[in-house]
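Read through the structure below, which is laid out as structure tokens, and then see the notes.
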Amino acid sequence: MDWETIHKDTAPAVEPRLTDYEEARSAFTWARAREALAGLPDGGLNIAHEAVDRHAASDRAGKAALRCVGRDDAVTDVTYAELARRTARFANALRTLGVGRGDRVFTLLGRCPELYTAVLGTLKCGGVLCPFFSAFGPDPVEQRLRLGDARVLVTTAALYRKKVAARRDALPGLEHVLIVGPGAGELPGTASFEELVSAAVDTFTIPPTSPGDMALLHFTSGTTGTPKGAVHVHEAVVAHHATAAYALDLRPGDVYWCTADPGWVTGMSYGVIAPLTHGATVVVDEGDYDARRWYRILGRQRVSVWYTAPTALRMLMRATPRQGPYDLPRSQDLSALRFIASVGEPLNPEAVVWGRDVLGLPVHDNWWQTETGCIMIANYAACDIRPGSMGRPLPGVEATVLRTGVDGRARVTDGRVTPVEGAGEEGELALRPGWPSMFRGYLHDEQRYAAAFAGGWYLTGDLVRRGADGWYWFVGRADDVIKSAGHLIGPFEVESALMEHPAVAEAGVIGRPDAVAGNVVKAFVSLRPGVEPSAGLRRELLGFARRRLGPAVAPREMEFDQNLPRTRSGKVMRRLLRARELGLPTGDLSTLEGSA
Ligand code: ATP
Ligand code: MG
């Protein structure tokens with residue numbers, strides 16, 4: 001697609017840390033990145049120490065670590081010193097329960113201050129934290145509690161009643177259920193989180209923790225199938241810290257806000273850990289997803305860096321079109337905001353241009369996975385942006401593009417893989433293992449883990465192109481890519497083209513098997529408010545896409561669908577669109593939004 005580079009015309013409020021890409025990469029080593037952290041007195045490394053205790057012991061102790069914005073917009077700050085005390089109490093409470101090194105503590109909570117206490121308290125005492133997305137239904141909750149060997153669950157009375165109580169007998173390993181808020185007394189087999197925490201002592205010495213100790217268990221989004229539990233260790237914090245400096249430009253004075261639910265890897269790595277290691281103030285939004293509310297929080301809290309997802313940006317775009325009267329952002333003072341970063345699915349170039357034109361802000365896409373544990377490829381905070389590009393590998397990250405076979409995955413011959421030759425050639429994105437937040441296994445699934453590596457590379461399952469200048473362009477997930485009349489078509493490119501039409505809010509594109517072409521491209525389109533579907537509009541959109549993409553790539557068929565299926569983390573679920581279209585089994589739907 002022919003998008004210009006967006007030069008960083010909005011002057012950064014502070015000196016950029018990184019201006020020369022190559023210089024930063026060549027100066028960087030992970031060992032040096034490790035030196036930016038404090039480490040435990042005995043030389044070990046513990047995430048909670050880097051995120052809380054070391055600030056609590058410094059002149060940052062009285063500074064707000066959390067800024068909780070309630071549903072009613074009431075604001076409550078929790079200082080680093082207070083967070084250190086709360087997490088110490090929870091670590092002591094867990095110790096009293098006999099929970100310690102390697103034990104799994106699950107959280108099933110919305111965004112609330114207790115979540116931060118539970119996460120960081122667990123890490124302090126050497127336990128392994130596994131966060132759930134609070135909207136999960138009883139089946140996925142039970143499945144993951146069992147798969148993850150849960151010993152402790154921290155949740156609310158309402159969530160416990162709805163999602164766990166009836167399954168408790170089937171989970172003998174789940175010894176302790178701690179209830180946040182009222183209601184513990186009425187629920188057999190539970191205890192009150194607050195009572196336990198307030199009865200505990202508020203100082204705690206973190207036990208020796210080695211960098212390779214298991215710290216976090218993250219289930220992937222399940223976009224393509226059964227959820228996998230990715231294992232991460234304490235030294236991941238080195239990568240969280242370093243990448244947040246490069247990709248998110250985090251600084252100690254920042255008010256930082258990440259909209260991702262803490263149940264997903266983004267909400268944990270960059271919603272809890274990374275900003276606290278930088279001594280920033282983290283906005284904890286306890287309200288619902290709503291464009292007006294978002295603008296209000298960005299303005300009133302003077303947020304300086306906002307980390308969000310394409311789906312959220314598309315919501316803002318719908319609420320604030322490029323043309324016409326738009327009072328939403330104008331009604332708020334967004335002058336503290338340096339930039340917006342986006343992750344989770346491809347960021348349509350349209351959204352980047354919208355950000356520049358409507359908000360006057362750069363929008364930086366970045367790419368990573370549950371497995372990688374940290375941002376890998378990014379449009380750097382201090383550099384120009386290529387709308388539609390994922391960006392370039394961060395310092396410490398070695399990436400390549402591998403030739404693929406008929407299955408769309410890297411072709412492996414005698415254990416060897418071959419990089420593509422020319423710039424612009426599509427292939428599977430692969431990464432050289434060795435960065436600190438690299439996943440150390442899929443829990444209880446060694447085979448699947450082993451299958452993720454070949455020829456000394458980790459195979460990501462995503463198809464990309466790399467330009468001669470080293471920028472990466474997302475093509476699609478290997479299992480989403482459409483082969484039509486000898487072409488490989490990435491659904492994202494087609495969806496992005498459709499979204500440039502003013503009538504289109506969102507699109508999901510699949511391949512429908514066809515005797516002649518192998519597959520034909522079919523688009524499912526949701527329309528902007530006020531636009532009515534019609535045969536005429538369908539013809540217009542098909543013609544529009546053909547002019548943009550050419551007849552080989554443009555969709556041949558189109559359906560209007562105001563409720564495109566999406567994962568709870570906001571990604572369009574193409575595999576479900578395809579399964580419905582072809583009458584195939586729909587597979588694991590535990591992460592489908594609205595399925596609870
Ligand atoms: P599963 O592995 O269970 O199918 P998932 O891959 O969706 O689920 P995550 O680890 O949450 O689970 O998501 C990582 C994937 O999201 C990436 O592999 C990629 O396909 C997609 N993704 C993330 N960021 C971007 C981005 N900036 N551009 C394009 N795709 C992205
Ligand atoms: Mg994946």
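Values below: every heavy atom of this structure, side chains too, minus hydrogens, waters and symmetry copies. Both ligands and their constituent atoms are indexed starting at 1 by order of listing. Positions are given from 1 along the sequence.
Using a 4.0 Å cut-off to heavy atoms of Gly344, the atoms of ligand 1 that qualify are 16 (O), 21 (C), 22 (N), 23 (C), 24 (N), 25 (C), 31 (C). Heavy-atom proximity to Pro346, at under 4.0 Å, picks out these atoms of ligand 1: 28 (N), 29 (C), 30 (N). Less than 4.0 angstrom separates some heavy atom of Asn366 from each of these atoms of ligand 1: 24 (N), 26 (C), 27 (N). Less than 4.0 angstrom separates some heavy atom of Asp462 from each of these atoms of ligand 1: 17 (C), 18 (O), 19 (C), 20 (O).
A cation-pi contact, defined as under 6.0 Å to the ring centre and within 45° of the axis, is absent between Arg465 and Tyr472. A cation-pi contact, defined as under 6.0 Å to the ring centre and within 45° of the axis, links Arg432 to Trp457.
Under 4.0 angstrom from ligand 1, the non-hydrogen atoms of Trp367 come from both its backbone and its side chain. With a 4.0 Å cut-off on non-hydrogen atoms, Glu345 touches ligand 1 through its backbone and not its side chain. Contact annotation for Trp368 and ligand 1: only backbone heavy atoms (N, CA, C, O) come within less than 4.0 Å of the ligand. Residue contacts with ligand 1 for Thr370 involve both N, CA, C or O and side-chain atoms from C-beta outward (heavy atoms, distance under 4.0 Å).
Ligand 1 is never approached by Leu347 to a heavy-atom distance shorter than 4.0 Å.
Of the listed residues (His364, Arg338, His278), just one forms a side chain to side chain donor-acceptor pair (under 3.5 Å) with Asp249, and that residue is Arg338.
Between Trp368 and Tyr270, the ring planes lie perpendicular to each other; the angle is over 60°, past the 30° to 60° tilted range.
Of the N or O atoms in Arg477, one or more lie within a sub-3.5 Å distance of an N or O in ligand 1. At under 3.5 Å, not a single nitrogen or oxygen of Phe474, backbone or side chain, sits near a nitrogen or oxygen of ligand 1. Residue Thr220 places at least one N or O, backbone or side chain, under 3.5 Å from an N or O of ligand 1.
Between the CD1 atom in Ile273 and the NE2 atom in His240 there is a gap of 5.0 Å [rounded to 0.5 Å].
A distance below 6.0 Å separates the ring centres of Phe106 and Phe132. Between Tyr289 and Trp294, the ring centre distance stays below 6.0 Å.
For Tyr442, the ring-ring contact (aromatic ring centres under 6.0 Å, His included) criterion is met by Phe439, not counting sequence neighbours.
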